[in-house]
Amino acid sequence: MYDMKALYQAKSVADAVALRLAHPEAQIIAGGSDVLVQMREGKRAGAELISIQTLDEIRGVSLEEDGTLRIGSLTSFSHITRDPLIQRYVNVLGEAVDQVGGPQIRNIGTIGGNTCNGVTSADSASTLFAYDAVVELTGPHGVRRQPIREFYLRAGKVDLRDGEIQTAILIPRESYENTHGHYIKYAMRNAMDIATLGTSVNVRLSPDKKTVERARAAFGVAGPVPLRASHAEALAAGQPLSLELAEAFAQAVKEDINPRDSWRAARDFRLHIAVESAKRAFIQAAVLAGGAL
């Protein structure tokens with residue numbers, strides 16, 4: 001059923017790094033929801049695999065001393081959705097990954113696998129971009145941390161260097177504190193489908209809930225990699241909260257996104273979806289933050 005050359009089982013993060021150096025062509029496998037399907041289709045015939053599935057040291061959600069939210073790369077989508085820290089601080093991420101595939105995929109699929117694929121349609125990616133997430137990578141030279149916006153190099157390609165594995169996703173306290181978000185996935189079906197467009201917006205309001213202190217918007221499938229709508233973000237900062245601002249914010253996203261034509265949707269349709277979903281997500285995020293529109 002699976003045509004593989006060899007399967008190596010990593011016993012620790014250090015062992016995984018050593019195995020990657022010894023077998024540079026080998027594919028890391030965690031949940032296997034992508035790799036095993038590709039192998040069954042014959043796309044990775046004769047592949048070498050390095051399994052990191054048993055490395056509990058990079059599984060789970062915790063808070064670091066400075067308030068950074070740490071999500072181990074082997075944390076499953078189901079775990080993220082149910083985790084109390086995620087629900088308290090970044091509930092939108094739990095809502096986003098709860099729209100990945102079906103229950104079986106969410107039980108085995110991991111946040112690390114979802115981001116290391118480098119695909120623009122990953123349901124976790126737009127929310128992680130909107131929250132200025134940082135990717136932790138462990139390799140032969142130690143640990144390095146890289147903003148997720150720099151981790152995605154091009155479609156299907158991320159900045160994983162020789163011997164490295166991704167060990168965590170980090171969300172700084174400044175990015176999530178007093179901030180509320182909403183994610184909208186537009187797809188042909190309500191389940192078991194990849195996004196035609198994904199939109200994640202988060203909003204931080206002033207103490208009196210009348211002014212937008214900060215707004216963030218990020219999109220998947222609006223370009224070759226997930227991207228932020230910086231023009232919309234700049235337009236909303238410091239402005240009184242209103243439906244008119246929500247509309248202007250949504251229109252401004254067209255300055256930054258560049259969706260393509262595909263068999264799933266035409267470029268113009270994706271632009272239309274982006275504007276409408278940005279408006280709806282902005283309004284919902286503002287309401288969750290305590291605002292009234």
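What you see is a predicted model; the values in this text were computed from it and never measured.
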Would you check if His180 and Val203 make a side-chain contact, meaning some heavy-atom pair closer than 4.5 Å?
no
For the side chain of Thr81 and the backbone of Phe77, is there at least one donor-acceptor N/O pair under 3.5 Å apart?
yes
Show the nearest heavy-atom pair for residues Asn202 and Ala285, with the distance to one decimal.
CA-CB, 4.3 Å
Please confirm whether the ring centroid of Phe269 lies under 6.0 Å from the ring centroid of Tyr186.
yes
Look at the side-chain heavy atoms of Ile, Leu, Val, Met, Phe, Trp and Tyr, link any pair under 4.5 Å apart, and say whether Leu271 and Phe249 land in one connected group.
no
Sub-4.5 Å side-chain heavy-atom contact between Thr199 and His182
no
Quick one: does Thr211's side chain have a donor or acceptor within less than 3.5 Å of a partner on Glu213's backbone?
no
Validation row: Leu245, Leu235 side chains within 4.5 angstrom (heavy atoms):
yes
Just how far is it from atom CE of Met188 to atom CZ of Arg264, taken to the nearest 0.5 Å?
5.5 Å
With side-chain contact (heavy atoms from CB on, under 4.5 Å) as the test, would you mind laying out the steps for Arg145 and Leu170 before giving the verdict?
CA-CA 9 Å; Arg145 293 182 171 183; Leu170 310 169; 3.2 Å; yes
Is there a side-chain hydrogen bond (donor to acceptor under 3.5 Å, both in side chains) between Glu95 and Gln99 once you walk through the steps?
CA-CA 7 Å; Glu95 294 174 348; Gln99 298 183 53; over 6 Å; no
Would you find more than 12 non-hydrogen atoms of other residues, nucleotides or ligands less than 6.0 Å from Arg173 atom CZ?
no
Verdict with reasoning, Leu243 to Ile283, per side-chain contact (heavy atoms from CB on, under 4.5 Å):
CA-CA 8 Å; Leu243 288 175; Ile283 291 171; 3.8 Å; yes
Give the intermediate values and the outcome of side-chain contact (heavy atoms from CB on, under 4.5 Å) for residues Leu153 and Val158.
CA-CA 5 Å; Leu153 300 177; Val158 295; 5.7 Å; no
How close do Leu288 and Gly181 get, heavy atom to heavy atom, and via which atoms?
CD1-O, 3.5 Å
Write down the atom of Ala250, the atom of Val275, and the distance for their closest heavy-atom approach.
CB-O, 3.2 Å
Between Asp66 (side chain) and Thr68 (backbone), is there a donor-acceptor pair under 3.5 Å?
yes
Would Asp123 and Arg106 pass as an ion pair if we require N to O under 4.0 Å?
no
Counting only heavy atoms not in Asp162 (residues, nucleotides, ligands), do more than 12 fall under 6.0 Å from its CG?
no
Mind listing the closest non-hydrogen atom pair of Gln53 and Ala30 along with its distance?
OE1-O, 2.9 Å
Nearest 0.5 Å, what's the CD-CZ distance between Glu57 and Arg59?
10.0 Å
Could you tell me whether Glu164 and Arg20 have a side-chain N and a carboxylate O separated by less than 4.0 Å?
no
Looking only at atom types and distance, does a side-chain atom of Thr110 sit under 3.5 Å from a main-chain N or O of Leu74, one as donor and one as acceptor?
no
Stepwise side-chain hydrogen bond (donor to acceptor under 3.5 Å, both in side chains) test for Asn107 and Ser76:
CA-CA 6 Å; Asn107 284 339; Ser76 71; 5.8 Å; no
Cluster check Val92, Tyr89: I/L/V/M/F/W/Y, side chain < 4.5 angstrom:
yes
Spell out, yes or no, whether Val97 and Ile184 are grouped together once hydrophobic residues are joined by side-chain heavy atoms under 4.5 Å, including indirect joins.
no
Rounding to 0.5 Å, atoms CD1 (Ile29) and OG (Ser51) come to a distance of 6.5 Å
Give a yes or no on whether Val221 and Ile273 share a hydrophobic cluster (residues Ile, Leu, Val, Met, Phe, Trp, Tyr; joining criterion: side-chain heavy atoms under 4.5 Å apart).
no
Contact between Leu63 and Arg70 at the side-chain level, heavy atoms closer than 4.5 Å - yes or no?
no
Which of Glu174, Glu177, Glu233 passes salt bridge (charged side-chain N to carboxylate O under 4.0 Å, His left out) with Arg204? Answer is Glu174
Before giving the answer on side-chain hydrogen bond (donor to acceptor under 3.5 Å, both in side chains), spell out for Thr127 and Ser200 the whole-Å C-alpha distance, their side-chain angles and the decisive distance to 0.1 Å.
CA-CA 5 Å; Thr127 295; Ser200 188; 2.8 Å; yes
Go through the steps for Arg267 and Ser262 under the test side-chain hydrogen bond (donor to acceptor under 3.5 Å, both in side chains), then give the verdict.
CA-CA 8 Å; Arg267 181 180 187 277; Ser262 76; over 6 Å; no
Please walk me through it: do Thr179 and Tyr131 pass side-chain contact (heavy atoms from CB on, under 4.5 Å)?
CA-CA 9 Å; Thr179 301; Tyr131 277 86; 4.0 Å; yes
Measuring from Ser12:OG to Leu19:CG, what's the distance to the nearest 0.5 Å?
9.0 Å
So, are Arg161 and Asp159 salt-bridged, with charged N and O less than 4.0 Å apart?
yes
Looking only at atom types and distance, does a side-chain atom of Lys210 sit under 3.5 Å from a main-chain N or O of Pro240, one as donor and one as acceptor?
no
Look up atom CG in Asp15 and atom CD in Gln9, then write down how far apart they are to the nearest 0.5 Å.
9.0 Å
Would the number of heavy atoms belonging to other residues, nucleotides or ligands and lying under 6.0 Å from NZ of Lys209 be above 12?
yes
I need the minimum non-hydrogen distance between Ala232 and Val253, along with the two atoms involved.
CB-CG1, 3.8 Å
Name the one of Val61, Leu69, Ile71 that satisfies side chain to side chain contact (heavy atoms under 4.5 Å, CB included) with Asp83?
Val61
Once you measure the plane-to-plane angle for Phe129 and Tyr152, does it fall in the parallel (<30°), tilted (30-60°) or perpendicular (>60°) bin?
perpendicular
Does a side-chain heavy-atom distance below 4.5 Å link Thr115 with Leu128?
yes
Which heavy-atom pair separates Leu55 from Ala16 by the least distance, and what is that distance?
CD1-CB, 4.4 Å
Ser73 side chain to Ala168 backbone, donor-acceptor under 3.5 Å:
yes
Between atom OG of Ser124 and atom CD1 of Ile80, what is the distance when rounded to the nearest 0.5 Å?
7.5 Å
Test: Arg144 and Glu150 ion pair at under 4.0 Å
no
Tell me, do Pro224 and Thr120 make a side-chain contact under 4.5 Å, heavy atoms counted?
no
Do Ile111 and Phe151 belong together in a cluster built from hydrophobic side chains that touch within less than 4.5 Å?
yes
Compare all side-chain heavy atoms of Val134 with those of Ile169 and state whether any distance is below 4.5 angstrom.
no
Looking at side-chain heavy atoms only, is the closest gap between Glu136 and Gln166 below 4.5 Å?
no
